[in-house]
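Numbers restart at 1 for each chain; the letters A, B, ... are given by sequence-line order, proteins then strands.
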Amino acid sequence: MKKILINLIIILLLVLLYGCTNSSKNTDNKLYIYNWTYYIPDQVIKDFETKYNVKVVYDVYTSNEEMYAKLKAGGAKGYDLVFPSGDFVKIMISSGMLSPIDSTKIASFNLLDPLITSKIAYDPGLKYSFPYMVGAAGISVNKKYIKKFSKSARIFENTALKNKMTLLDDMREVLGLALKELGYSVNTFDKGQLEEAKQLVLKWKQNIVKFDAESFGKGFAAGEFWVVHGYSENVFLELDPSMKAQTEFFIPPKGGPMYIDSMVILKDSKHKDLAYKFINFIHEPQVYAKIVDYLKIPAINMEARKFVTVSPNYNIIDLKNCELKEDLGEGVELYNKIWEEIRI
Amino acid sequence: MSTYFIITDPFSTIVKEPVNIYDISMLGSSVGIKNISKNFGHFKVLSDINLEIKKGEFFSLLGPSGCGKTTLLRMIAGFDKPDTGSIFLDDRNVTDIASNKRKVNTVFQNYAVFPHLTVFDNIAFGLKLKKIDKKIIQKEVFTFLELVKLNGQERKMPSQLSGGQKQRVAIARALINKPQVLLLDEPLSALDAKLRKELLIELDQIHNEIGITFIYVTHDQEEALGVSDRIAIMKDGKINQIGTSKEIYEKPADAFVAGFIGETNLLKGSLSITENKETKLITEKAGSINILINNPKIKSGASLTVSLRPEKINILPIEPTVKITHECLQGQVKEIVYSGFQSRYFVKTKQNIMNIIKVHEANETRIRRGDKVFLEWEKSDMNIVEFS
Amino acid sequence: MNHTKRGIFTTTMVILTLLFFYLPMAVLLLYSFNSSKSMVITGFSLKWYNELFTNSPFLWKAVSNSLIIAVSSAFSAVLIGTLGAIGLRWYSFKLKNLFQIISMLPLLLPEIILGVALLIFFSAFSFPQNLFTVYLSHITFNIPFVLLIVMARLEEFDSTLLEAARDLGAREIDVLMKILIPLTMPAIIAALLMSFTLSLEDFVITFFISGPGSTTLPIYIYSMIRFGVSPVINALSVLIVLATIVLSLFLSKFSKYIINH
Amino acid sequence: MTEKSRLGHFYLFPLTIWSILFFVSPLIIIILYSFLTKDIYGGVIYTFSLKAYQSLIQLTYLKVFWFTLKISVISTAIIMFFAIPVSYYIARSPLKNVLLFLVLIPFWTNFLIRIYAWIAIMGNNGFLNQLLLSLHVLKTNIQFLYNPIAVIVVLVYTYLPFAILPLYAAIDKFDFTLLEASSDLGASRLQGILKVLLPNIRTGLMAAFLFAFIPIFGAYAVPQLVGGQESFMLGNMIARELTITRNWPLASAIATIITLVTCLGILLYIRSVRRSDEKDGK
């Protein structure tokens, strides 16, 4: 009897151990990156792997919230490098998730465009984060179906386009777009202004087919949607070459929320050296230019601008009326409530 | 009972080359059962059973379903434990010894042949567990295959065997372990009538050859009466009677035994003793019948139940001269059921219906339905099975 | 008259259902050979198959993750579940019914509940989420299937076989190894295949509890449905359906134990 | 303790440990979490609060609950409408093994692939639109996707095999001479089916219903992928509260409620099985 029991426990432990080794094998020479979808071309990752003879494990997310929830729930133990937007950099700093960045280990510290870095309030002096890209969500229009349109967020009020449009499923982006359209700050706590923005979004909601932060690019490329709100790279990377000519992307002239996505090293990272190598690699001007060409968005690295060959979908100047999203702190409750009322 | 062993010639299956008995004859042991009781919940399955089974005996436990016979057998095997009481094998108390450590093996009602093993592996199962040398196992298995007449079948899977063959495998599988007692739990009940009779005779023969104790559980009186040295009749968790086949049939201890074993006519009434010491049973329906009373405890006025076997009654078309040892009643034939070599008559005597069985004889006078007839029997054939 | 009418009704329903089942698969097959990236049919091409096999390293990494998880979790679930089924079938104890219901519950709860519960559970104990947590979760949802299948088989067989074995001198370990396991083998294999398939297929639970480096094939397919630049997914789908058919043919031998739960 | 029950404990030991560790504890934890206070950056603060349940009775959440119930009931009804005649047909067909196999294939095929196939069919430029346009039935594309009907179609497609299999198993065991007996006694075929067949396969019907209804009630991926802005079900809500609004107590509260509803369904099922067993005199 006892013998059987012992045998069984041994078998069970062996099986468990087998599972463990599966996961613990991946200790050294592997860099765990958690990034937005479509944010780094595969080729750049491959180049990094060959240059340093390492493996990159690469997982993706579609919103800051998704990324943050995953890290909060326990995924934080595994990743080394993450790409949050500014407001989330601040949240992650205050919840102690990040490892401070040693600026001496980063070669390209002075190559960043001061126009952008001066706006950085979420992490003054870049103690915990290093900027990756700057940009803003905009609106993509399929000109094959829509010949005439005004380049403004008011396009969502066009009832002729009912059920052919999508807005991002992202509270800050959508409310921010409406707030800017109304001339307010994207970080406002004023209930009246938020109420006005809510009403505006509700008006848009009648014409859109869905709130979508995931498949709008694919849907746009397949002709499902004619007007989509979202990041230009998500749209353009899905398009057939033939469709690119008939697609127009614009940042609403009254502005909207903008972002600076940064690279941060997680506190529990086991491969900090590799993470620094990766940050430096990304900001090598020629590599950086390759990424910018792929994404077709403006470069934040001034040195890299010399190597850029493709004209971006928009320029830094288009962002002049845009405003950086800030962490709302406790005020997020107010936004959550309004967003819930819109969304459900 | 003249009804047994008529359909097949029993000797056709017995007389074949005998197996070498000296190779397999084993020593049986006696089984003692002392004050065994068992309850399942509030239901009393066995109450205070006492039993002595002798070395080498073919002992049957006979009773209707639910009488506790199988439970008793399972206790001897070690599958169940009694609530109180003890079980002895050769005076050794084995009550708390697990089934796999008792020198007792069981043949099950539904064969319980392992469906994933060949005939050979089934039979070798017990020996392999003992890690006995393979050559010895092989030799033993073939000996026992021969004993149960399955020579040449050793490679077959159980699914390729008939019911009778499966039960032979089960018997060989049990015997190969050289048990001191073989327990048989209604081993033939799943077989058809013809096969049952054949296998029963073989079992008896095997018992004679190997000489160990057999304990045989059955609800079929024919089986039990045919082969047992002694039989225990059980009902409702109690033993009603223990005795040889003949004792039980001829002298049933009570009305239940009389009714359960064979057929009978039960006559109920009160005893009256006349002035000239004639003893008469005054029945409600059949009138008064002369009977013999050997038991001095039975006093005049006692109410009696008397058993009279149907084949003990003679049916006559004309009134016989009644001897002093005989008793005679008059009646009318209500129904005749013909079944080949014999017929069964239902005769109405006053209000009572008597059941009579008669083997046909050559040149007998034919009796028809509605005929007036006379019934005659020996007084000594009447058994008092109950009195108070 | 009446009879033929009903016959027509059920027959129509069966034909409609089969059309309903197979139309989508036919469409995938069609598009997988389409040369254009869009859903407009432009011509025959094998380029998506070519791309699938030559230029989809992340996809194959996901396939290998899925296979590792499916094999290891199926074996573990079958080990735990078979012993449990034997325990539940042959032995009685207090609260057995409650225990049985609790063991079956993961099968009946919507997957998302188990996903969320495990996510919060792992996070509450700061358990790092990776391929290992996926493995643990897959065992959890596979166990009830194993229980069902193996118990159905155990119901069929006769308890006297166990007694016969004990009677012939078998110890409990002999009973387990020589009688119970061999006799349950068809059901054990069925349970193994079922667990393997369910694990390969699971999306919702894995989605919630996946962590670094634990992208399985369904997670990868999910991301391909939402974004991803090529109709490789059509080619992949066709291959998966084909693999399913082959597996089902193999499984049909054991399907008796799977259907009759 | 007797030898037998000790052995039982031994066999059940791994299962017990596993169930407690990875099933019962997680469920207890979500129930506990549903009574805690949310932390604005995700996770919980360990103070008791009923806020999650209070906010659940707000109109917006009730709307989601109502929508989920509506979709689940409609889809399950359609599923049963197809599943009963189909499983009946299969059980009576001489080709039943082939038909069963044909039903099993979609059952085994990856769930996401099946959803994706419908996106390919119902898309704006998908198969159906192309077909109808080329047949000149339509002049312009129709948006089939991103509405509750699309959700229902895909849910029915996904869970129909789950209902057919248990129903088939039940009908296959049914003694069809009973139907002959009923027709011999003057019942029409429909009457026979309604009064003899259906009552006798009641547990099978119940199982089929549960196997379809429960997963649909907790659906996440289908409304996420083919639903429109209003197609927001409880499953999506859980995911949303877990990630975007970071309200873990609320997500736990919804999960707790779905668990309770499921357990209730199972208890009803067990009771109905017991009742019909008693009827059969078991």
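- The heavy-atom pair separating C:Gly169 from B:Leu129 by the smallest distance is C-CD1, 3.7 Å.
- Atom NZ of B:Lys130 has more than 12 heavy atoms from other residues, nucleotides or ligands within 6.0 Å.
- With a 6.0 Å radius and a threshold of 12 heavy atoms from other residues, nucleotides or ligands, B:Lys81 has its NZ atom at or below the threshold.
- Residue C:Thr160 holds its OG1 atom at 9.0 Å from CZ of B:Arg74, rounded to the nearest 0.5 Å.
- At a 4.5 Å heavy-atom cutoff, the contact between B:Phe79 and chain C is made by side-chain atoms alone.
- Once rounded to the nearest 0.5 Å, the distance linking CD1 of C:Ile179 with CG of B:Leu117 reads 6.0 Å.
- Every residue two or more places apart in sequence or in another chain was checked for a side-chain hydrogen bond (donor to acceptor under 3.5 Å, both in side chains) with B:Thr213, and none qualifies.
- C:Asp158 touches chain B through its side chain: at least one heavy atom from C-beta onward sits under 4.5 Å away, while N, CA, C and O do not.
- Atom CZ of C:Arg171 is separated from atom NZ of B:Lys101 by 9.0 Å, given to the nearest 0.5 angstrom.
- We find the CD-CG distance between C:Glu172 and B:Asn100 to be 7.5 Å, quoted to the nearest 0.5 Å.
- Of the candidates B:Leu183, B:Asn105, B:Val107, B:Asn105 is the only one forming a side-chain contact (heavy atoms from CB on, under 4.5 Å) with C:Asp167.
- If you measure heavy-atom distances from B:Arg173 to chain C, the contacts under 4.5 Å come from both the backbone and the side chain.
- Distance CG/C:Leu161 to CZ/B:Phe114: 6.0 Å, rounded to 0.5 Å.
- Without hydrogens or angle criteria, B:His116 side chain to C:Lys178 main chain gives a donor-acceptor distance under 3.5 Å.
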